[in-house]
Amino acid sequence: VQAVLDAVAEPRRREILRLVRADELPAGAIAAHFADVSRPTVSQHLRVLVDAGLLVERRAGTRRLYRTRPEGFASVRAFLDEFWGERLAVLKAEVESEEGTRRARGG
Amino acid sequence: VPEVADPIVRTVDIEAAPEAVFAYFVDATRLDRWLTVGATLDPRAGGVCVQHHAAADPERGPFAMQGTFLEVDPPRRVVFTWGFTDPEVGVPPGSTVVEVTLTPTGAGTRVTLLHRDLPAAAADEHAAGWTEMLGRLVRAVEERA
């Protein structure tokens, strides 16, 4: 999960995910989209996204093609599940603490 | 139409009466003790349910969940919509629903929280925005851990 969150923390990496969610694109076309970012930096972003499981890389001849890997987001959904679980655990502690105080006061 | 994911369902048993637990969903002071860093709540059907959630990124600040109460039936059930005006999040206001059901048990209350109509992160066009929102949520949780 942390790799996914780290991967999407960078705005340009989120932009890359948007670019290739519908169309598989070659690295060159992705790099061309970012006029202010060097090609090696874009390659680095692509590497992080592939390593996090959010992009699929495919070679076609000399080109490398990228598209979004939807299954990569499953772990993040699991995290929202954890979020609610953790919040409810805090809720339990808070309510029971208040109840304990109330009972101790004889209220 | 974006694909919809299965709901998230969580339960927790609390040693307190349903009335006491219910207040933690509809009273802003109590909501701040477990979920929010400020909230504007008008707990009746159609009333506002704005929840500010902490974000670890100082440039972002708290982010606002712009919801509406759909059902308020103390001390049994509270239902509100869950969404964000920030289009980057990809979960628009009104697009998902959180249903909270309180059931009396021998020792207190069982809380069942169901979050439904979530976009299927696996397939829909909002995958990146959905991930963005979850990233904020996890940072918010970790910040307080």
Side-chain angles (χ1 to χ4, degrees), chain A residues 1-23 45 48-49 52-56 67-104 107, chain B residues 3 5-18 20-25 30-36 53 56-57 88 90 96 98 100 108-109 111-115 118-142 144-145:
Chain A
V1 170
Q2 197 55 53
V4 172
L5 297 176
D6 288 346
V8 300
E10 217 285 329
R12 290 199 180 88
R13 289 202 284 267
R14 290 200 296 275
E15 183 62 24
I16 290 171
L17 290 172
R18 279 189 279 269
L19 277 175
V20 299
R21 75 182 174 212
D23 303 306
H45 286 325
V48 170
L49 289 167
L54 298 177
L55 282 188
V56 177
R67 65 176 168 79
T68 302
R69 182 176 172 272
E71 314 88 276
F73 293 93
S75 63
V76 181
R77 175 188 158 79
F79 215 99
L80 186 64
D81 188 57
E82 239 179 274
F83 167 79
W84 282 122
E86 188 168 343
R87 289 298 95 199
L88 289 179
V90 175
L91 170 68
K92 174 182 169 70
E94 289 291 338
V95 179
E96 290 180 355
S97 157
E98 182 174 271
E99 282 295 284
T101 305
R102 198 175 58 77
R103 281 175 192 155
Chain B
E3 190 178 333
D6 290 338
I8 286 168
V9 183
R10 304 292 309 210
T11 65
V12 65
D13 290 316
I14 299 179
E15 291 182 23
V21 177
F22 194 84
Y24 278 76
F25 287 89
R30 288 186 172 83
L31 197 69
D32 271 354
R33 293 186 196 158
W34 69 281
L35 185 64
T36 55
H53 293 250
D57 184 345
E88 195 182 355
T96 80
V98 175
V100 179
T109 304
V111 179
T112 303
L113 185 146
L114 184 149
H115 195 163
L118 296 165
D124 90 78
E125 61 183 0
H126 298 124
W130 179 229
T131 305
E132 163 82 9
M133 186 192 87
L134 295 179
R136 295 186 201 183
L137 288 175
V138 66
R139 288 193 292 275
V141 172
E142 287 176 350
R144 296 195 220 173

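Chain letters run A, B, ... following the sequence lines, proteins first, then strands; residues in each count from 1. For clarity, every value in this text was computed on a predicted model and none was experimentally measured.
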Under 4.5 Å between any side-chain heavy atoms of B:F22 and A:V95, yes or no? no
Smallest separation among heavy atoms of B:A20 and A:E99, with atom names: CB-OE2, 3.6 Å
Given side chains that start at C-beta, do those of A:L88 and B:W34 come closer than 4.5 Å, heavy atoms only? yes
Under 4.5 Å from any heavy atom of chain A - which part of B:V98: side chain
Counting only heavy atoms not in B:R10 (residues, nucleotides, ligands), do more than 12 fall under 6.0 Å from its CZ? yes
Point-to-point distance, once rounded to the nearest 0.5 Å, from CG of B:L35 to CH2 of A:W84: 5.0 Å
If you compare all heavy atoms of A:K92 against all heavy atoms of B:D13, which two are closest, and at what distance to 0.1 Å? NZ-O, 2.7 Å
Can any side-chain N or O of A:E96 pair as donor or acceptor with the backbone N or O of B:E15 at less than 3.5 Å? yes
Measure B:A17 against the heavy atoms of chain A and call it side chain, backbone, both or neither at under 4.5 Å. backbone
